[in-house]
Amino acid sequence: QNGMNFLTSKTNKNELDELYEHVVVLGIDGLGNFDTKTDTPNIDRIAAQPDTLYTHSAQSVLPSISAQNWGAMLLGVSPDKHGKTNEGIESTPTNDYQTYPSIFRYLRDKYPEAELDSFNNWSAINNGIVEHNLGVNMYSGEDDTLTESIIDNFENSNPLFTFVQFDSVDHAGHASGYQSESYFAHLRAVDGYIGQIYDALDSNGYLDNTLLIILTDHGGIGTNHGGN
């Protein structure tokens with residue numbers, strides 16, 4: 001849980017040691033803990049569930065840059081080991097076998113037939129962090145388009161593991177400033193997408209057996225990353 005905001009929910013389960021049938025990770029790039037500074041009714045209603053755990057004070061790994069932090073979360077080791085940088089994952093496809101395998105590799109080895117999905121606005125994650133020889137379904141697109149695809153996938157498929165990276169919030173932070181009105185407007189929009197996904201999990205019968213994780217890679221000050 002290297003992101004500054006980490007939330008898990010296991011709905012309607014009494015025993016925390018029971019296995020989940022599905023895991024859904026919703027990553028909001030550049031969120032920091034700024035969901036506390038604007039209206040995010042969907043994140044708030046998930047946080048209010050009786051078996052949700054959350055924190056707004058976890059720290060990014062350093063440097064607080066996207067590739068270093070998404071890499072740390074997906075590969076399970078710190079940036080000095082995994083060596084991922086923004087420039088590197090954008091330009092160089094992932095080796096099929098990495099020194100530090102991703103969560104997708106571990107899942108594929110344990111569940112050879114399982115559906116594994118990676119939905120990313122920032123396509124570099126699929127290019128440079130997720131291994132390409134695992135049969136992972138990789139999608140890229142704008143946040144709203146990704147949301148439609150994710151919901152359609154829940155309605156028509158049976159994924160074991162779904163990873164999602166929304167990027168519009170971070171784009172707004174760089175363009176207009178973190179905690180600017182444009183930044184908060186994009187954050188509220190992503191909160192709406194999360195609500196749609198959560199409702200889709202519920203309506204398609206996933207929610208009771210799903211571990212849902214909402215996390216981020218970093219926050220920002222001014223128009224750059226950094227700070228607490």
Side-chain angles (χ1 to χ4, degrees), residues 1-11 16-17 20 23-86 89 100 102-104 106 118-122 125 129 143 161-174 177-179 183-184 186-188 190-191 193-195 197-198 210-228:
Q1 54 210 69
N2 299 289
M4 293 177 68
N5 183 17
F6 181 88
L7 183 153
T8 70
S9 180
K10 186 175 185 180
T11 304
L16 292 179
D17 59 352
Y20 299 95
V23 177
V24 177
V25 180
L26 304 178
I28 308 174
D29 205 296
L31 173 66
N33 61 6
F34 298 140
D35 57 296
T36 62
K37 304 293 181 63
T38 191
D39 293 329
T40 53
N42 293 292
I43 292 176
D44 293 346
R45 68 176 166 125
I46 297 170
Q49 297 299 317
D51 45 11
T52 293
L53 307 174
Y54 66 91
T55 180
H56 285 104
S57 59
Q59 296 287 305
S60 301
V61 298
L62 297 177
S64 56
I65 300 173
S66 292
Q68 281 85 338
N69 277 269
W70 292 124
M73 288 183 276
L74 290 170
L75 303 172
V77 295
S78 56
D80 62 308
K81 290 188 168 117
H82 68 62
K84 304 292 185 181
T85 65
N86 286 1
I89 68 172
Y100 302 101
S102 76
I103 182 64
F104 292 97
Y106 282 101
S118 182
F119 295 84
N120 293 284
N121 186 323
W122 188 35
I125 293 175
I129 296 179
D143 290 357
F161 183 79
T162 303
F163 174 77
V164 182
Q165 183 261 358
F166 295 117
D167 209 36
S168 59
V169 174
D170 191 54
H171 275 296
H174 285 300
Y178 294 86
Q179 301 192 74
Y183 173 89
F184 284 131
H186 282 85
L187 175 50
R188 290 190 292 270
V190 169
D191 179 75
Y193 302 145
I194 288 174
I197 292 169
Y198 188 78
T210 294
L211 172 66
L212 175 65
I213 302 173
I214 300 175
L215 45 70
T216 187
D217 52 346
H218 57 73
I221 295 176
T223 58
N224 295 305
H225 305 174
N228 288 326

Open item on the list: Using a 3.5 Å distance criterion without hydrogens, assess whether the side chain of T210 forms a donor-acceptor pair with backbone atoms of L212.
Closed with: no

Open item on the list: Quick check against the 3.5 Å criterion: does T216 have a side-chain atom that pairs as donor or acceptor with the backbone of I28?
Closed with: yes

[X] versus [Y], closest heavy-atom pair with distance:
X    : Y    : answer
D191 : I43  : OD1-N, 2.8 Å
V77  : H82  : O-CD2, 3.2 Å
R188 : T38  : NH1-OG1, 2.8 Å
D143 : S168 : OD2-OG, 2.5 Å
L211 : Y20  : N-CD2, 3.3 Å
Q68  : V61  : O-CG2, 3.9 Å

[atom2] on [Y] to [atom1] on [X], rounded to 0.5 Å:
X    : Y    : atom1 : atom2 : value
S102 : I125 : OG    : CD1   : 12.0 Å
L26  : I197 : CG    : CD1   : 5.0 Å
L53  : I213 : CG    : CD1   : 10.5 Å

Beyond-backbone contact of [X] with [Y], side-chain heavy atoms, under 4.5 angstrom:
X    : Y    : value
L215 : W70  : yes
L31  : L187 : yes
N42  : Y198 : no
K84  : P79  : no

TODO: Begin with the C-alpha distance, continue with both residues' side-chain angles, and end with the deciding distance and a verdict on side chain to side chain contact (heavy atoms under 4.5 Å, CB included) for I89 and W122.
DONE: CA-CA 10 Å; I89 68 172; W122 188 35; 3.4 Å; yes

Residues forming a ring-ring contact (aromatic ring centres under 6.0 Å, His included) with [X], sequence neighbours excluded:
X    : answer
F119 : Y139
F34  : Y183
F184 : none
Y193 : none

Open item on the list: Working note: Q179 + K37, criterion side chain to side chain contact (heavy atoms under 4.5 Å, CB included); need CA distance, chi angles, decisive distance, verdict.
Closed with: CA-CA 8 Å; Q179 301 192 74; K37 304 293 181 63; 3.5 Å; yes

Open item on the list: Could you walk me through whether N86 and S66 satisfy the side chain to side chain contact (heavy atoms under 4.5 Å, CB included) test, starting with their C-alpha distance in whole Å, then the side-chain angles of each, then the deciding distance to 0.1 Å, before giving a yes or no?
Closed with: CA-CA 7 Å; N86 286 1; S66 292; 3.9 Å; yes

TODO: Could I get the full list of side chain to side chain donor-acceptor pair (under 3.5 Å) partners for Q165, not counting sequence neighbours?
DONE: D29, D167

- [ ] Only counting residues at least two apart or in another chain, list the ones meeting side chain to side chain donor-acceptor pair (under 3.5 Å) with S118.
- [x] N120, N126

TODO: Would you please test F166 and I194 for side chain to side chain contact (heavy atoms under 4.5 Å, CB included) and show each step?
DONE: CA-CA 10 Å; F166 295 117; I194 288 174; 4.2 Å; yes

- [ ] Check whether the side chains of Y178 and N224 place a donor and an acceptor atom closer than 3.5 Å, and report yes or no.
- [x] no

TODO: Give a yes or no on this: more than 12 heavy atoms of other residues, nucleotides or ligands lie within 6.0 Å of atom CG of D44.
DONE: yes

Open item on the list: Before you tell me yes or no, could you show the steps for D217 and H225 under side-chain hydrogen bond (donor to acceptor under 3.5 Å, both in side chains), namely the whole-Å CA-CA distance, both residues' side-chain angles and the distance that decides it to 0.1 Å?
Closed with: CA-CA 10 Å; D217 52 346; H225 305 174; over 6 Å; no

